[in-house]
Amino acid sequence: MTSEPGRAELWRYFARRLAQALFVLWASFTVSFAILYMLPSDPVALLVGPDADIPPERLDALRQEYGLDRPLVVQYLTRLGRMLHGDLGRSVQNHQPVGDVIAGALPATLQIAGLGLLLAVVVGGGLALLATYVSAAWLRQTLLSLPPLGVAIPPFWFGLLLLQVFSFRLGLFPAVGDEGAAGVVLPAVTLALPTGAMIAQLLAKSMTATLREPYVETARAKGAGRARVHLRHALRNAALPALTVAGLVVGNLLAGSVVTETVFSRAGLGRVTALAVTTQDIPVVQGLVVFAALVFVLVNLAVDLVYPLLDPRIARRGGVKG
């Protein structure tokens, strides 16, 4: 049972992590605002098109409607206040609330990101466990050489290769579009490749180091079998570094969806991001940045809250990363 001093340390640890999460959200909003509003372009001019014959009075009215005629500080504080109330603004291109644009595209991205994450954890984690379990040196080296190869392969090239083999030659999966469950497989595999390789590389290194720890040797000396030592004694501690990169893994999936959804012509956050950047739809781009930061922050916060449950010493010394 946790003592009073230990409980106080735990609460201070949680409070620090929550404060850091809120700071990251504010910083992502502020940095994205500063960068996007320094772009040498006029969103209203982009909205009406370069060849449109619009009177200057109408252009001024549109700038007033979107608040683009106000001083930059006023625009920043206004947008920050709205964001705190959950209002991400309206798209300059289609006039829809940015929240609705993100909500409409999110399910398609969640389908491939969720399956991609599952494949990455199962295949990447399984590869790391197998590579550190086998006795034959040549087989171990062969398995350990696969994760760096997976990280090095460009996702767009891997996606095109999958399309060529499994869609155009074998006809097993649809080439483009959102055609049911079959249309999710190839994009998910494309997303899983770099993420799974990252997990396998990190977990294999951590497992190799953990298997040399004295407590593991003690477990072996007491007669524990190889599989028991591997899965019960070593995996729990070796998984902590892999858990640390969970936020990076999620970020990798969101960033990879831009390329993957473009290659497979799927509607999702990746396509919305690419279109918003191309048309310089500032409210949508900023809304996507804040949404990605929110996901990143929530995942890292969840990981930080799980750490003390795996190793209580982490709360006492202020956390792994802090």
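Small disclaimer: the values here were computed from a predicted structure and weren't measured. Note that these values count all heavy atoms, side chains included, but never hydrogens, waters or copies made by symmetry.
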Do you reckon [X] sits in the same ILVMFWY cluster as [Y], going by side-chain contacts under 4.5 Å, direct or chained?
{"X": "Leu77", "Y": "Leu25", "value": "no"}
{"X": "Val297", "Y": "Leu88", "value": "no"}
{"X": "Leu129", "Y": "Val134", "value": "no"}
{"X": "Leu235", "Y": "Leu144", "value": "no"}
{"X": "Val185", "Y": "Phe156", "value": "yes"}

For this session: Only counting residues at least two apart or in another chain, list the ones meeting salt bridge (Lys or Arg N to Asp or Glu O under 4.0 Å) with Glu213.
Result: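 If we apply the salt bridge (Lys or Arg N to Asp or Glu O under 4.0 Å) test to Glu213, skipping adjacent residues, there are no hits.
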
Problem set entry | By salt bridge (Lys or Arg N to Asp or Glu O under 4.0 Å) - contacts of Arg228 (at least two apart) |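 None.
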
Has the side chain of [X] got a donor or acceptor atom that lies under 3.5 Å from a matching backbone atom of [Y]?
{"X": "Thr30", "Y": "Ala27", "answer": "no"}
{"X": "Thr195", "Y": "Ala192", "answer": "no"}
{"X": "Arg140", "Y": "Thr132", "answer": "no"}
{"X": "Gln286", "Y": "Ser32", "answer": "no"}

Looking at every non-hydrogen atom in both residues, tell me the closest pair between [X] and [Y] and how far apart they are.
{"X": "Ser28", "Y": "Ala293", "answer": "OG-CB, 3.3 Å"}
{"X": "Gly104", "Y": "Pro107", "answer": "O-CD, 3.6 Å"}
{"X": "Arg90", "Y": "Pro97", "answer": "NH1-CD, 3.6 Å"}
{"X": "Ser91", "Y": "Val98", "answer": "N-CG2, 4.0 Å"}
{"X": "Ala219", "Y": "Val229", "answer": "CB-CG2, 4.3 Å"}
{"X": "Ala234", "Y": "Leu211", "answer": "CB-CD2, 3.7 Å"}

Is there side-chain contact between [X] and [Y], with at least one heavy-atom pair below 4.5 Å?
{"X": "Leu106", "Y": "Phe291", "value": "yes"}
{"X": "Leu127", "Y": "Pro147", "value": "yes"}
{"X": "Thr210", "Y": "Tyr215", "value": "yes"}
{"X": "Arg212", "Y": "Val216", "value": "no"}

Give the table of side-chain donor-acceptor pairs shorter than 3.5 Å for residues 109-120, with sequence neighbours excluded, one pair per line with atom names and distance.
from   : atom 1 : to     : atom 2 : distance (Å)
Thr109 : OG1    : Glu261 : OE2    : 2.7
Thr109 : OG1    : Leu269 : N      : 2.7
Gln111 : OE1    : Arg266 : NH2    : 3.3

Measuring from [X]:[atom1] to [Y]:[atom2], what's the distance to the nearest 0.5 Å?
{"X": "Leu294", "Y": "Phe29", "atom1": "CG", "atom2": "CZ", "value": "14.0 Å"}
{"X": "His85", "Y": "Leu80", "atom1": "NE2", "atom2": "CG", "value": "10.5 Å"}
{"X": "Asp281", "Y": "Thr273", "atom1": "CG", "atom2": "OG1", "value": "11.0 Å"}
{"X": "Trp157", "Y": "Thr190", "atom1": "CH2", "atom2": "OG1", "value": "11.5 Å"}

Indicate every side-chain donor-acceptor pair of residues 160-168 with a distance under 3.5 Å to a residue at least two apart or in another chain.
from   : atom 1 : to     : atom 2 : distance (Å)
Ser167 : OG     : Phe173 : O      : 3.0

Problem set entry | Exceeds 12 heavy-atom contacts within 6.0 angstrom, atom CZ of Phe23 |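 No, not enclosed.
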
Exercise. What pairs of residues pass the ring-ring contact (aromatic ring centres under 6.0 Å, His included) test when at least one of them lies in residues 110-147, not counting sequence neighbours?
Worked result: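 ring-ring contact (aromatic ring centres under 6.0 Å, His included) check on residues 110-147 returns Tyr133-His230.
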
Exercise. Are Ile102 and Val272 close enough, and set up right, to give a side-chain contact (heavy atoms from CB on, under 4.5 Å), and what steps lead you there?
Worked result: CA-CA 8 Å; Ile102 293 175; Val272 171; 5.9 Å; no

Exercise. Which word best sums up how the rings of Tyr76 and Phe33 line up, parallel for under 30°, tilted for 30 to 60°, or perpendicular for over 60°?
Worked result: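 Rings of Tyr76 and Phe33: perpendicular, over 60°.
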
Table please: side-chain donor-acceptor pairs of residues 196-208 below 3.5 Å, with sequence neighbours left out.
from   : atom 1 : to     : atom 2 : distance (Å)
Ser206 : OG     : Ala238 : O      : 2.9
Thr208 : OG1    : Ala204 : O      : 2.7

